[in-house]
Student: 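Have a look at the structure that comes next, please.
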2 protein chains.
Amino acid sequence: MAETPKPEKLTGSAKVYKQLREDILRMDLAPGQALDEVGLAERFSLSRSPIREALVKLAGEGLVQVLPNRSTIVSPINFQDMPRFLDTLDLLQRATHRLAAENRTDAELAEIEAAREAFLEGSRLSIATNNSVPHIERNYDFHMAIARACRNPYLIRFYGQLLDEAKRLGHMRFQFKSQTTNLTPEDLDAQHKQMVEAIARRDGASIENLAHEHANLFRGQFMDYVMANHTQRVAVEY
Amino acid sequence: MAETPKPEKLTGSAKVYKQLREDILRMDLAPGQALDEVGLAERFSLSRSPIREALVKLAGEGLVQVLPNRSTIVSPINFQDMPRFLDTLDLLQRATHRLAAENRTDAELAEIEAAREAFLEGSRLSIATNNSVPHIERNYDFHMAIARACRNPYLIRFYGQLLDEAKRLGHMRFQFKSQTTNLTPEDLDAQHKQMVEAIARRDGASIENLAHEHANLFRGQFMDYVMANHTQRVAVEY
DNA sequence: AGACGACAAAATGTCGACAGTTTTTGTGTT
DNA sequence: AACACAAAAACTGTCGACATTTTGTCGTCT
């Protein structure tokens, strides 16, 4: 109600920032790809100033890397640090979700439940249309709805940054149609439902466990992606 | 050896960024103070472009806040979220320091020990010259040296951001000469020494405890600052 | 006297152009 | 043909100026 609908007049650089951010998170822009300022300026029909501003902002979040006097590139996905990434995701997911269960208001619980339902719907839509966006986006929304309820702006910010990166990984997995995972939307929703119930009971220990298992699930999905052999049907000797 | 000494030719906006960052963290720029772009441009003898770029970068780190179409201001110190800040500092300090103990190399241990000695020296210098900078700066260096040894770039980044804010709080405390704390440099060094020993033993559980106590010490110092009555010698009836 | 509205001043947002590097291209030599 | 060096193209870093938005002031009207 007290929320502005959305169509607020955005400044040029803000539009570029928002668009590029979305493109990067959805892997529409490949990691490592060079982002030419003049090219982007033409694409958005703007001068280079707002483009630069957007790129600097994105660099602050680690989504792009500015190579001094060279082109800025979309941040590559760092496989070397992947174990550390997953560790940190686990830690902050446990922290945010536990605190959320312990500090939530009824209004926040309702929002979380709504986000859960939206995820189930989005996940089914993704299967039906073979488009990963709704599944991943609504999953992100669900966990961020929980994180917001923890009321710790620092944890929310850090966890959000990790989830952004997780989004990229999720889309990467789907791009290769690695449907090896036989988890249905209903399976994932069952986990989410358990989480919501734990939050409803204010059961911190329980949701910390669930968050840990959920993080491990993500870890496993990522492992599947790496281990999957996409060329096994191709005979080397023919 | 493979490290460039330092006098690399810095770009204009990088110099502005570095200088402003230092000024903000040392509280030479007061929280809430407006940062006028044209004024800064004159001060640094540069155009507004590099100034803007520096401000956008600082905004990404949360050190300044850009109010759209209005002036950017130095981020105010948020007392409302202080408990959450201290909680998060505790959590990430425990995590980084424990992992550091478990994963450190001998070279990193040596660096940590060197940082401890530098802190003791700096802390004494601060008492002697009544200048908080060496004490706080070397304390920051000590804990960051430990954090770097944890080898988790995500935790290092997040913890570093929290320590930046802690730096501001430390300087704020000293600005009011709130010498109520009767902790000598030697007292603090004793705690640091225990930490180094625990890291040397690779004793994760022990250093997690020490890190927790150390964070609580900071919490207490901050409480002292808030509770201290700086006007008690002023009689209301005279 | 207080409120509303137009005007003026100042700051931010954007633009096009120039300067300094880096990368690419092209040429000549070994 | 391969390498070294030099010219050129392309891109980033910076600048000064213009456009737009906001803030502050003044005057008028009720």
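Reminder, nothing fancy here: chain letters follow the sequence lines and each chain counts from 1.
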Student: Strictly below 4.0 Å: does A:T72 bring a side-chain N or O up to OP1 or OP2 of D:dT12?
Tutor: no

Student: Between C:dG13 atom C1' and A:K15 atom NZ, what is the distance in whole Å?
Tutor: 12 Å

Student: Can you tell me the distance, in whole Å, between the CD atom of B:E53 and the C1' atom of D:dC15?
Tutor: 13 Å

Student: Check the pair B:L99 / B:R151 against side chain to side chain contact (heavy atoms under 4.5 Å, CB included), numbers first and verdict last.
Tutor: CA-CA 8 Å; B:L99 289 170; B:R151 309 234 159 199; over 6 Å; no

Student: Between B:Y159 and B:H97, how do the two ring planes meet: parallel, tilted or perpendicular, split at 30° and 60°?
Tutor: perpendicular

Student: How many whole angstroms separate atom CG of B:N69 from atom P of D:dA19?
Tutor: 17 Å

Student: When you get a sec, tell me which of D:dC11, C:dG16, D:dT14 is the closest nucleotide to the side chain of A:S49?
Tutor: C:dG16

Student: Between B:I51 (CD1) and D:dG13 (C1'), how many Å, whole number?
Tutor: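 That distance rounds to 13 Å.
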
Student: Does B:R52 place a side-chain N or O at less than 4.0 Å from the phosphate oxygens OP1/OP2 of C:dG13?
Tutor: yes

Student: Measure distances between side-chain N and O atoms of A:S71 and base N and O atoms of D:dC11, and say whether any donor-acceptor pair falls under 3.5 Å.
Tutor: no

Student: Where each residue is assigned the nucleotide of DNA chain C containing its nearest heavy atom, which of A:L46 and A:P68 is assigned the position nearer the 5′ end?
Tutor: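 Comparing both residues, the 5'-ward one is A:L46.
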
Student: How close or far is atom C1' of D:dT12 from atom CG of A:L40, stated in whole angstroms?
Tutor: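 Computing the A:L40:CG to D:dT12:C1' distance gives 13 Å.
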
Student: Report the distance from atom CD of A:E61 to atom CG of A:D164, rounding to the nearest 0.5 Å.
Tutor: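 Spacing of CD (A:E61) from CG (A:D164) equals 7.0 Å.
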
Student: Given D:dG16, C:dA11, C:dG13, which nucleotide is nearest the side-chain atoms of B:V38?
Tutor: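 Nearest listed nucleotide: C:dA11.
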
Student: Between D:dG13 atom C1' and B:L10 atom CG, what is the distance in whole Å?
Tutor: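 It works out to 14 Å between those atoms.
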
Student: Would you say A:R70 places a side-chain N or O within less than 4.0 Å of OP1 or OP2 belonging to C:dT23?
Tutor: yes

Student: Among C:dA17, C:dG13, C:dT14, find the nucleotide with the atom closest to the side chain of A:S13.
Tutor: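 So the nucleotide nearest the side chain must be C:dT14.
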
Student: Roughly how many Å is it from CZ in B:R48 to C1' in C:dA10, rounded to a whole number?
Tutor: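 After rounding, the gap between these two atoms is 11 Å.
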
Student: Using 30° and 60° as the class limits, which term best fits the ring planes of A:F142 and A:H192: parallel, tilted or perpendicular?
Tutor: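 Because their plane-to-plane angle is under 30°, the rings of A:F142 and A:H192 count as parallel.
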
Student: Kindly give the heavy-atom pair with the smallest separation between A:P31 and A:P76, and that separation in Å.
Tutor: CB-CA, 3.7 Å

Student: Could you tell me how far apart A:L35 (CG) and D:dA10 (P) are, to the nearest whole angstrom?
Tutor: 19 Å

